[in-house]
Q: 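Here it is, the structure, as structure tokens.
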Number of protein chains: 2
Amino acid sequence: MITLTEENYIKAIYHLGNNGEETVNTNAIAEVMQTKASSVTDMIKKLSEKKYANYKKYQGVTLTKDGRFVAVNIIRKHRLWEVFLVEKLNFSWDEVHEVAEHLEHIKSEKLINQLDAFLEFPKHDPHGDPIPDKEGNFQHIEKIVLAKAEIGAVYKCVGVDDTSSSFLKYLDSNNIGLGTIIKIKHKEPYDNSIKIELKDSEIVVSQNVAKNLYLKKV
Amino acid sequence: MITLTEENYIKAIYHLGNNGEETVNTNAIAEVMQTKASSVTDMIKKLSEKKYANYKKYQGVTLTKDGRFVAVNIIRKHRLWEVFLVEKLNFSWDEVHEVAEHLEHIKSEKLINQLDAFLEFPKHDPHGDPIPDKEGNFQHIEKIVLAKAEIGAVYKCVGVDDTSSSFLKYLDSNNIGLGTIIKIKHKEPYDNSIKIELKDSEIVVSQNVAKNLYLKKV
DNA sequence: AAATATTTTTAGACTAACCTAAAAATATTT
DNA sequence: AAATATTTTTAGGTTAGTCTAAAAATATTT
Ligand SMILES: [Mn+2]
Ligand SMILES: [Mn+2]
Ligand SMILES: [Mn+2]
Ligand SMILES: [Mn+2]
């Protein structure tokens, strides 16, 4: 049996370690989990005993194969529920994350596989993130961050890094969504802001925005 | 803040007390919650402090108005999710209860109201139980139990008391579902079994079955 | 390479939800 | 109305997940 709290730690370790590849340290986990480092140490020990994590004192933590599988499965559920909320229940993309944080812990194979079918096996969630299949496989989406885009080139928006409501609402208010086509007009060296051309407007976005919006060349 | 465990106790008290009307005693709660009486006492005290229950030592417990509202809301969520599972995800009526036990604790007003709309405001769940609206109101469904049906009369099946998978599968295997029309042929005084006529068969059901199937005269 | 700073772990405590065993209250028999 | 049985509560303990404060290990500066 795996608890809800254990699941959340595993997911945090997976994301912090760049999809379960790198070692993650205690303080980083404490920060995203909103707890103290000492609590994290306790939990890492437990995850290690349960064979979800590899842990050597003072040396950080990585996920085992089992741990990665747990993580990918929770992410699958999270993202499928996000699609459901947007596609079927008329949520907007800035409202789904919070609810999906809870729905992702419902344990029923049949539920999630039927949901997947009901949604017609979507490949990405409302933020452009890939949805793992039953076996835990998913494609890496090709994308670059707006901050590193070439001047003059034309791109399609394919994802966001920050999924906070405030960022997504900002994008909404500037008519930027997944699929939106933009052209890079100018990069301002002074503050790293970027001027982009949209369908019928031209706007300047801050470095902060430029670091959180993913693009693909068209 | 109300915990998942508190919610489950409140729901149990509501159901045991005949929709929050009657006093419920400690042992009865312990039985349905699968815990010990001493744990129940602890929890009742907590619910009483939080104003969800009225409690006098040794005198059993009733729900307050707040407590009943919590209960009805969880039941609303439970039953809407059951409808969703059957109508949209192709679950059968004997598979939904378990999953709904978890889904009923997801806390999001918007989620449940949108789900309600998506399902087109269903009035009952897959077991014939009424679904409370946003305000917590629901109609009492008129029904009698098969055990008390009149010989010779014709009825429609409108609900079940036992929602266990084994009972529901038994009904399935005998082609009895909600909406099925039956005629009462004979009551056997020896063991209280009842002979009923279906569309193209005649079967004898045990007292146990007769006590768990609800009917309405047609 | 020593001193200092940072990170991580340990030690000991707290709360929620549970347990067992014993005591107290209430209900039922005699 | 006593005696007995049943129900409920209390007392004290356990586990998961958290905390603070202090100790230990590692990293960075001087
Ligand atoms: Mn999300
Ligand atoms: Mn997402
Ligand atoms: Mn149910
Ligand atoms: Mn039901």
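Here is how names work: the chains are called A, B, and so on, in the same order as the sequence lines, proteins then strands, and each is numbered from 1.
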Q: Taking all non-hydrogen atoms of both residues into account, name the closest pair between A:Pro126 and A:Leu178 and its distance.
A: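 Heavy-atom minimum between the residues: O-CD1, 3.4 Å.
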Q: For D:dT8, take OP1 and OP2 only and decide whether either is under 4.0 Å from a side-chain N or O of B:Tyr55.
A: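 So the side-chain polar atoms of B:Tyr55 never come under 4.0 Å of the phosphate oxygens OP1 or OP2 of D:dT8.
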Q: Write down the distance between NZ (B:Lys56) and P (D:dT8), rounded to a whole number of angstrom.
A: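 Atom NZ in B:Lys56 sits about 15 Å away from atom P in D:dT8.
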Q: Calculate the interatomic distance between B:Gln59 atom CD and D:dT8 atom P; express it in whole Å.
A: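 Checked: the CD to P distance equals 10 Å.
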Q: Please tabulate, one pair per line, each protein N/O and nucleotide N/O from nucleotides 14-16 of chain C that are separated by under 3.5 Å, including the distance.
A:
none

Q: Rounded to whole Å, please give me the gap between CG in B:Asp42 and P in D:dT9.
A: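 Value for this atom pair: 10 Å.
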Q: Expressed in angstrom and rounded to an integer, what is the separation of A:Lys57 atom NZ from C:dT10 atom C1'?
A: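 Answer to the nearest Å: 8 Å.
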Q: What is the distance from NZ of A:Lys45 to C1' of D:dT18, rounded to the nearest Å?
A: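 The answer, rounded to whole Å, is 15 Å.
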Q: Tell me the stems DNA chain D sits in, counting at least three consecutive Watson-Crick or G-U wobble pairs, each under 3.5 Å on both distances.
A: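 Stem segments, range with range: C:1-30 with D:1-30.
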Q: Could you pull out all donor-acceptor pairs under 3.5 Å where a side-chain atom in residues 37-45 of chain B meets a protein atom, sequence neighbours excluded?
A:
from: B:Thr41; atom 1: OG1; to: B:Ala37; atom 2: O; distance (Å): 3.2

Q: Would you mind listing every salt bridge (charged side-chain N to carboxylate O under 4.0 Å, His left out) that reaches into residues 98-110 of chain B, with sequence neighbours excluded?
A: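 For residues 98-110 of chain B: A:Glu95-B:Lys110, B:Glu7-B:Lys107, B:Lys11-B:Glu101, B:Lys11-B:Glu104.
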Q: Atom CG of B:Leu4 and atom C1' of C:dC18: how far apart are they, to the nearest Å?
A: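 Taking atom C1' of C:dC18 as the reference, CG of B:Leu4 is at 15 Å.
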Q: What donor-acceptor contacts under 3.5 angstrom involve side-chain atoms of residues 13-36 of chain A, with partners at least two apart or in another chain?
A:
from: A:Asn18; atom 1: ND2; to: A:Glu22; atom 2: OE2; distance (Å): 3.3

Q: Going by the salt bridge (charged side-chain N to carboxylate O under 4.0 Å, His left out) test, which pairs reach into residues 116-132 of chain A, not counting sequence neighbours?
A: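 Every pair satisfying salt bridge (charged side-chain N to carboxylate O under 4.0 Å, His left out) with a residue in residues 116-132 of chain A: A:Arg76-A:Asp116, A:Arg79-A:Asp125.
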Q: Tell me which residues in residues 13-41 of chain B lie within less than 4.0 Å of DNA chain D, going by non-hydrogen atoms.
A: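 Here the set is B:Asn25, B:Thr26, B:Asn27, B:Ala37, B:Ser38, B:Thr41.
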Q: Could you pull out every donor-acceptor pair under 3.5 Å between side chains of residues 131-140 of chain A and any protein atom, sequence neighbours left out?
A:
from: A:Asp133; atom 1: OD1; to: A:Glu135; atom 2: N; distance (Å): 2.9
from: A:Asp133; atom 1: OD1; to: A:Gly136; atom 2: N; distance (Å): 3.0
from: A:Asp133; atom 1: OD1; to: A:Asn137; atom 2: N; distance (Å): 3.0

Q: Just jot down the salt bridge (Lys or Arg N to Asp or Glu O under 4.0 Å) partners of B:Lys169, sequence neighbours excluded, or say none.
A: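 Once residues adjacent in sequence are excluded, the partners of B:Lys169 under the salt bridge (Lys or Arg N to Asp or Glu O under 4.0 Å) criterion are B:Asp94.
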Q: Please list, chain by chain and in numerical order, all residues satisfying ring pair (Phe, Tyr, Trp, His ring centres under 6.0 Å) with B:Tyr9, sequence neighbours excluded.
A: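 If we apply the ring pair (Phe, Tyr, Trp, His ring centres under 6.0 Å) test to B:Tyr9, skipping adjacent residues, there are no hits.
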Q: Do B:Phe84 and B:Leu103 touch side chain to side chain, with heavy atoms closer than 4.5 Å?
A: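 No, side chains not in contact.
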Q: Could you pull out all residues at least two apart from A:His78 that satisfy ring pair (Phe, Tyr, Trp, His ring centres under 6.0 Å)?
A: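 By the ring pair (Phe, Tyr, Trp, His ring centres under 6.0 Å) rule, A:His78 matches A:His97.
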Q: Anything under 3.5 Å between a donor and an acceptor, one on a side chain of residues 48-64 of chain B, the other on a protein residue two or more places apart or in another chain? List them.
A:
from: B:Lys50; atom 1: NZ; to: B:Met1; atom 2: O; distance (Å): 3.0
from: B:Lys50; atom 1: NZ; to: B:Glu6; atom 2: OE1; distance (Å): 3.1
from: B:Lys50; atom 1: NZ; to: B:Glu6; atom 2: OE2; distance (Å): 2.9
from: B:Asn54; atom 1: OD1; to: B:Thr62; atom 2: OG1; distance (Å): 3.1
from: B:Thr64; atom 1: OG1; to: B:Lys51; atom 2: O; distance (Å): 2.7
from: B:Thr64; atom 1: OG1; to: B:Tyr52; atom 2: O; distance (Å): 3.3
from: B:Thr64; atom 1: OG1; to: B:Asp66; atom 2: N; distance (Å): 3.4
from: B:Thr64; atom 1: OG1; to: B:Gly67; atom 2: N; distance (Å): 3.0

Q: According to a strict under-4.0 Å criterion, is B:Tyr58 in side-chain N/O contact with OP1 or OP2 of C:dA23?
A: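 So the side-chain polar atoms of B:Tyr58 never come under 4.0 Å of the phosphate oxygens OP1 or OP2 of C:dA23.
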